[in-house]
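Okay, so here's the structure we're looking at.
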Amino acid sequence: MSQESVLVVGSIAFDDLEMPQGTFEGVLGGAATYSALAASVLAPVRVVGVVGDDFPGQHIELLQSRGIDTAGIERVSGKTFRWRGRYSKDLNSRTTLDTQLNVFADFRPKIPASYRSSPYVLLGNIHPALQLDVVNQIERPRLVAADTMNFWISGEPKVLGELLKKVDLLIINDEEARELTGIQNLTKAAADIRKRGPKELIVKRGEHGALLFDGHGTFFVPAYPLEEVNDPTGAGDSFAGGLLGYLAKVGGPGASPHAMRRAMFYAAAMGSFCVEAIGPKRIQELTRAQLDVRLESFRALVDFGGSLTLS
Ligand code: AMP
């Protein structure tokens, strides 16, 4: 198995979470945090992000304790990015109540020289011009994956279009796929997006699973059915982290015809662990053995015996 690294670039945050079961203030969050913690269960991880001088050293130590290289986390004077969200009773929708960019407003990702040869790159949801800038700082990556959001799709369509040309794998949700293309039918929207650059496209559908569109066709992974769902924050980022962690471990999407499809299960398993606890608590203590148990349950969930032919 390979020991190739995943480079994660994105937000590191304090989250204030208004959940049906109560409010949780100043929870460690941010897309890069969730993705890095998830990927670190499977592969060596490097993070590039920014925090303020209010960010506790123990959070950095937590990342390091998971083997994550934090040399790319810049600490600058000011406050750390802060996001406040309120979830609906069924946890299926959320409203952003407040976004304080703070030190994140001037974030210009600087990729340390030792990170520039990273073969797997995960560009978290930041300004597409910054995502493009990161891609240009990396030497011949094997796979560049990116996330984005409605805000950039409507606000920065041109630069997002430039970015898409340099992205191998785009990971977005169904609403974003529709907004990006103006096409309601997801299969048609996916074909349109794949013509713009990314040869692999994943469309996440929350508790309804995720679809992969690539050169081999369309593939679906369900969301793992859980009895206890506490906090969906970061599930998408954990999904992406699990996906890239697996691909780095096995040698990339081209390692076998089924590598991307298997990666979808690692991704969905990681998303399922994420939602079990408030903040990243569950994925920050997750072991390989626990992951393996869930993957086996996942396999059983979709196992129909291998053939649908009547005989
Ligand atoms: P997700 O639930 O996967 O959408 O990710 C939630 C994480 O994204 C939270 O921990 C937030 O701190 C972070 N976040 C929220 N808004 C933004 C934003 N505008 N830019 C970057 N990260 C954000």
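Order of listing sets the numbers, starting from 1, for every ligand and every atom in it. Positions are given from 1, in the same order as the sequence printed here. All values reported here derive from a predicted model rather than from experimental measurement.
- Looking only at side-chain heavy atoms (C-beta outward), Phe104 and Ile126 come within less than 4.5 Å of each other.
- For Tyr224 and Phe273, the gap between ring centers reaches or exceeds 6.0 Å.
- Remark: Asp133 CG to Ile138 CD1 distance equals 10.0 Å, nearest 0.5 Å.
- Nearest residue to atom 21 (C) of ligand 1 from Gly236, Ala13, Ser11, Gly10 is Ser11 (criterion: closest heavy atom).
- Side-chain contact between Leu247 and Arg142: absent, with no pair of heavy atoms (C-beta onward) separated by less than 4.5 Å.
- With hydrogens left out, the protein atom closest to atom 11 (C) of ligand 1 is Asp15 OD1, 3.4 Å, a heavy atom.
- Ion pair Asp16/Arg82 flagged as a salt bridge, since at least one NZ, NE, NH1 or NH2 atom sits closer than 4.0 Å to an Asp/Glu carboxylate oxygen.
- Distance check: Glu296 CD to Leu291 CG gives 12.0 Å after rounding to the nearest 0.5 Å.
- Of all protein heavy atoms, the one closest to atom 16 (N) of ligand 1 is Trp83 CD1, 3.6 Å.
- Using a 4.0 angstrom heavy-atom cutoff, Arg82 does not count as in contact with ligand 1.
- You'll find the side chain of Val6 stays beyond 4.5 Å of the side chain of Ser118, heavy atoms only.
- Set against the non-hydrogen atoms of Tyr34, the atoms of ligand 1 under 4.0 Å away are 10 (O).
- Among Met149, Arg94, His127, the residue whose heavy atom lies nearest to atom 4 (O) of ligand 1 is Arg94.
- Other residues, nucleotides and ligands place more than 12 heavy atoms under 6.0 Å from the CZ atom of Phe220.
- Each of the following atoms of ligand 1 lies closer than 4.0 Å to a heavy atom of Asp237: 1 (P), 3 (O), 5 (O), 6 (C), 7 (C).
- Regarding atom 8 (O) of ligand 1, its nearest protein heavy-atom neighbour is Ala31 N, 4.0 Å.
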N/O donor to acceptor pairs below 3.5 angstrom from side-chain atoms of residues 207-214, sequence neighbours left out:
residue: Glu207; atom: OE2; partner: Asn92; partner atom: ND2; Å: 3.1
residue: Asp214; atom: OD1; partner: His216; partner atom: N; Å: 2.9
residue: Asp214; atom: OD1; partner: Gly217; partner atom: N; Å: 3.4
residue: Asp214; atom: OD1; partner: Arg261; partner atom: NH1; Å: 3.4
residue: Asp214; atom: OD1; partner: Arg261; partner atom: NH2; Å: 3.2
residue: Asp214; atom: OD2; partner: Arg261; partner atom: NH1; Å: 3.0

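- Considering both main-chain and side-chain atoms, Thr233 never comes within under 3.5 Å of ligand 1 through any nitrogen or oxygen pair.
- The shortest contact between atom 20 (N) of ligand 1 and any protein heavy atom is with Asn125 O, 3.7 Å.
- Listed by number with element, the atoms of ligand 1 under 4.0 Å from a non-hydrogen atom of Gly29 are 10 (O).
- Proximity of Phe151 to ligand 1 is not established, as no heavy-atom distance is less than 4.0 Å.
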Under 3.5 Å, which donor-acceptor pairs link side chains of residues 230-243 to any protein atom two or more places apart or in another chain?
residue: Asn230; atom: OD1; partner: Gln21; partner atom: NE2; Å: 3.4
residue: Asn230; atom: ND2; partner: Glu228; partner atom: OE2; Å: 3.3
residue: Asn230; atom: ND2; partner: Glu276; partner atom: O; Å: 2.8
residue: Asp231; atom: OD1; partner: Thr233; partner atom: N; Å: 2.9
residue: Asp231; atom: OD1; partner: Thr233; partner atom: OG1; Å: 2.6
residue: Asp231; atom: OD2; partner: Gly279; partner atom: N; Å: 2.8
residue: Thr233; atom: OG1; partner: Tyr87; partner atom: OH; Å: 2.6
residue: Ser238; atom: OG; partner: Gly234; partner atom: O; Å: 2.9

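- Of the protein's non-hydrogen atoms, the one nearest atom 14 (N) of ligand 1 is Phe81 CE2, 3.9 Å.
- Within the listing of ligand 1, atoms 1 (P), 2 (O), 3 (O), 5 (O), 6 (C) sit less than 4.0 angstrom from a heavy atom of Gly234.
- Below 3.5 Å of separation, one finds no N or O of Phe104 facing any N or O of ligand 1.
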